[in-house]
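Taking it in order: structure first as structure tokens, then the write-up.
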Amino acid sequence: MLGGGGLVAANVYATASESGQSQAGQVLASGAATIDCPDVGSQLTAVPDEAKAEVDKELALLDKQIAEAYQRLQQSTQAIQQDGAFAENSIMNPLKEKRAATIERIAIAVDRVGDRPQGLEAFAACILRASGNQGEQGGDGQNGEQGGEEQQQGDNQDGQNQGEGQDNGQNQDNGQGQGDEQGDQQGGNGGQAGNGPVAADFVDIKSVQPNVQSPRKQGNASRGTFSTACGVNENGLFNSDNVIVAPGVTNGAHHFHDYVGNQGNNAFASDQDLADADTSCENQGDKSSYFWPVIRLQNGAQEQDAGSPGGGIEGNAGEIVTPKQVTMTFVGNPQSKVTEMPKLLRIITGDAKAFVNGTANANASWSCTGFEDRQLKDKYPLCPQGSDVVRTFKFQSCWDGNNIDSANHRTHVAFADANGVCGNGFKAIPQLVQRIVYDIDAPSLNDGGRTTPLFAVDSFPEQLHKPVTDHGDFINVFDEDLMGEMVDCINGGRKCDAADGAGDGDGGGAGEEPGNSPSPTPENPPGGNNGDDDPADNGNGNGNGGDNGNGNGGEDTPSPTATAPSGGNNQDDEPADNGAENTQKPSADSTQAPNPADGEDKGNGEAVPKAESSPSAVQSDDAAATGGDDNDLGGAVPGPEPSSASVLEPQATSGGLADTGTQLWPAAAGALLLLAGFVLLRRINSRQT
């Protein structure tokens, strides 16, 4: 009895575990998993100035560790197939240990000059998370690997890995095979180095229902607009730095950015460097820096960064697409007048890690010219012939009145609520509406992009180039006089072009509202950019009432679709309404030296790990938008909550008996022994009685 029962238990456990490990291995080997780590930076709402530089470098190191772990995950498919526990033992556990050491250094750095942050140690552990990419590409198998795009960085850039010798030189393949398979990548691996995009990341814009709304403007609204033209980055200014999030750290973004405006922006640019730099803006009084992730075509092209960190090494592969048109327009507030932005104010809109972080701070908005009353959050648009791809960013428009930045780069600014009100004592500032247009043909999904290539934004490698990760960055380096003219123009209800001087716009009287022209019908979409020289009217839908807890916190409502799911991303900022050619021309002015505002947030809250992020990899099918007032600042767009299918669950490693029945013959033999033991015991008892 004991032998038989033991055999049953041992065989069932071993077989189920083996099956689970095999199942995990198959999922991981297919490229269908990513690494989800809690975002430590978002928890640091207050960091003393004296500790900020050290904390920023350690936060950048956390990103580097995740990128390296994800690359090792891609490289280890054979080992994972052979040993289902390999990923956990050789990748995830070492990652947790390195993160724990880095998080401890962050806590120590803050503790030296202030109150030690509590609870950060809970953020060390990461999980393997299903990407949602598997089984979506039909027979093309778009999730395969691309040789040479997966090599590790082991160069310890900027000495970031101090105290962590185990990071040094790990898994560096020296770029061999770089591009060897790129000619076939569209059909074989789902795009950029095997980690996206995939066919399911795209949706026909004509299947999306109109979903843009705006709050009604009140009597004291600031109805004017002010536009500045800074080119399309035709001179090719790129880097994978991020001076806002990771100052002093090379490759702090792990993906390439387009830069327009300020020409001196890199990881090491000081405030004075930005003030002294040249600008691509036609009005030289605008030295502001505007930057965003590049878009690439998955056509096998070898760009300048093909063998570099931030580029091909980290899965950002293919031809960089230069925008057809870029317009920056500043608009007013539907409830009140606006005040001047402080010099060197930093604003980040959207979340580069939204695919694994969840969508609380996501703010992606994708559409097509002629269809900009329909905005997509976690899908790339398939635009009809004659229509161009459009990315639109509406930046936060409420400022705390004191700080030009904050420890998590969010709490010093916020979105207005659904009615356009800035809460918590925040002040309304001009809202930057950024519209970027691309001449990109709709990819051929039926053959995995072989005929017409897929396209995607650059991203952190573990974010899989998902459209929900789109984001924009802005640093205000306007000349103070020009900023004053901007505010006068917006508050005065005029439509101004920086080239003409803010006081004499060419078509705006008080009451004229930007971007309110009707959207062309889907059946007859116009070609080109089709606008009215006004900013895109993006239904704002932020609904955070100035909640500076995360600077976003909006309604988190998805973009609905008619026949195919499109939204479900639960973002808060609804963008461009229809068009806006945005071709204003600025003029010259001088820029004064920077004079940043003082004062970081000092309050220290206890960090609490996120319970479960739920990016919308799959959307609800029954989405439907409700109407709203058509205005330049937009209101909430009601829509469905993400379905249970949209929640990306951690990658399981448990097996089931249904999967292992063919391997249970030892358990069957054990069961017979167990039954025989019962029979024998009963007979013995019968004889004794």
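- Listed by first and then second residue, the salt bridge (charged side-chain N to carboxylate O under 4.0 Å, His left out) pairs involving residues 259-269 amount to none (not counting sequence neighbours).
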Checklist entry - Can you list the steps and then say if R391 with S365 is a side chain to side chain contact (heavy atoms under 4.5 Å, CB included)? => result CA-CA 6 Å; R391 298 161 75 183; S365 292; over 6 Å; no
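- Taken to the nearest 0.5 Å, the CG atom of D458 stands 9.5 Å off from the OG atom of S240.
- Within the 3.5 Å criterion, the main-chain N or O of S76 finds no donor-acceptor partner in the side chain of Q78.
- The shortest side-chain heavy-atom distance between L464 and F355 falls under the 4.5 Å cut-off.
- Checked by atom type and distance alone, the side chain of D111 never pairs as donor or acceptor with a backbone atom of I108 at under 3.5 Å.
- Side-chain contact check for N239 and N266: no donor-acceptor pair (N or O, by modelled atom type) lies under 3.5 Å.
- Across A33 and Y70, no two heavy atoms sit closer than the pair O-CE1, 3.8 Å.
- Between the side chain of S288 and the backbone N or O of N476, no donor-acceptor pair lies under 3.5 Å.
- Going from atom CD of Q396 over to atom CD1 of I347 covers 6.0 Å, rounded to the nearest 0.5 Å.
- For N357 (side chain) and A352 (main-chain N/O), no donor-acceptor pair under 3.5 Å exists by modelled atom type.
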Item to check | side chain to side chain contact (heavy atoms under 4.5 Å, CB included) between K394 and T349, intermediate numbers included | outcome: CA-CA 7 Å; K394 292 194 78 172; T349 192; over 6 Å; no
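- Between the side chains of T469 and K353, no donor N or O sits under 3.5 Å from an acceptor N or O.
- In this structure, N262 and F291 have side chains that are not in contact, with every pair of non-hydrogen atoms separated by 4.5 Å or more.
- Interatomic distance, F86 CZ to Q81 CD, rounded to the nearest 0.5 Å: 12.0 Å.
- Side-chain contact check for L59 versus L44: some heavy-atom pair is nearer than 4.5 Å.
- Between R296 and E303 no salt bridge is recorded (no basic side-chain N to carboxylate O distance below 4.0 Å).
- The main-chain N or O of H465 is never found under 3.5 Å from a side-chain atom of H255 such that the two would form a donor-acceptor pair.
- Looking only at distances, no side-chain donor or acceptor of N363 sits under 3.5 Å from a matching main-chain atom of D351.
- The heavy-atom pair separating P309 from E314 by the smallest distance is C-OE2, 3.4 Å.
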Checklist entry - Are D271 and R346 close enough, and set up right, to give a salt bridge (Lys or Arg N to Asp or Glu O under 4.0 Å), and what steps lead you there? => result CA-CA 11 Å; D271 290 348; R346 276 109 162 125; 3.1 Å; yes
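- What you find for V243 and A269 is that their closest heavy atoms are CG2-O, 3.6 Å.
- Between the side chain of D56 and the backbone N or O of A53 there is no donor-acceptor pair closer than 3.5 Å.
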Checklist entry - Would F268 and T250 count as a side chain to side chain contact (heavy atoms under 4.5 Å, CB included) if you check the C-alpha gap in whole Å, the side-chain angles of each, and the deciding distance to 0.1 Å? => result CA-CA 8 Å; F268 305 99; T250 301; 3.5 Å; yes
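- Taking 4.5 Å as the limit, some side-chain heavy atom of F202 sits within range of a side-chain heavy atom of F455.
- Here the side chains of E88 and N93 are in contact, with some heavy-atom distance below 4.5 Å.
- Residues D405 and H412 are in side-chain contact: their nearest non-hydrogen atoms beyond the backbone lie under 4.5 Å apart.
- Proximity of a side-chain donor or acceptor of D258 to a complementary backbone N or O of V232 within less than 3.5 Å is not detected.
- The line from OG1 of T34 to CZ of F460 is 12.5 Å long, rounded to the nearest 0.5 Å.
- One distance of note links CD of E58 with CZ of R105; it measures 4.0 Å at 0.5 Å rounding.
- The two residues H257 and D473 make their nearest non-hydrogen contact at NE2-OD1, 4.4 Å.
- Ring geometry for Y290 versus F474: interplanar angle of 30 to 60°, hence tilted.
- Remark: the backbone N or O of T279 is not paired with any side-chain donor or acceptor of K287 at under 3.5 angstrom.
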Item to check | Pair L344-V477, side chain to side chain contact (heavy atoms under 4.5 Å, CB included): steps then yes or no | outcome: CA-CA 6 Å; L344 295 168; V477 199; 4.3 Å; yes
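- K57 contributes atom NZ, which lies 12.5 Å from atom NZ of K52 (distance to the nearest 0.5 angstrom).
- When all heavy atoms of A364 and P467 are compared, the closest pair comes out as CB-O, 3.3 Å.
- Between P293 and V457, the closest heavy-atom pair is CB-CB, 4.5 Å.
- A 4.5 Å side-chain heavy-atom check between I35 and L128 finds at least one atom pair inside the cut-off.
- A 4.5 Å side-chain heavy-atom check between F238 and N233 finds at least one atom pair inside the cut-off.
- For the pair Q71 (side chain) and I313 (backbone), a donor-acceptor distance under 3.5 Å is present.
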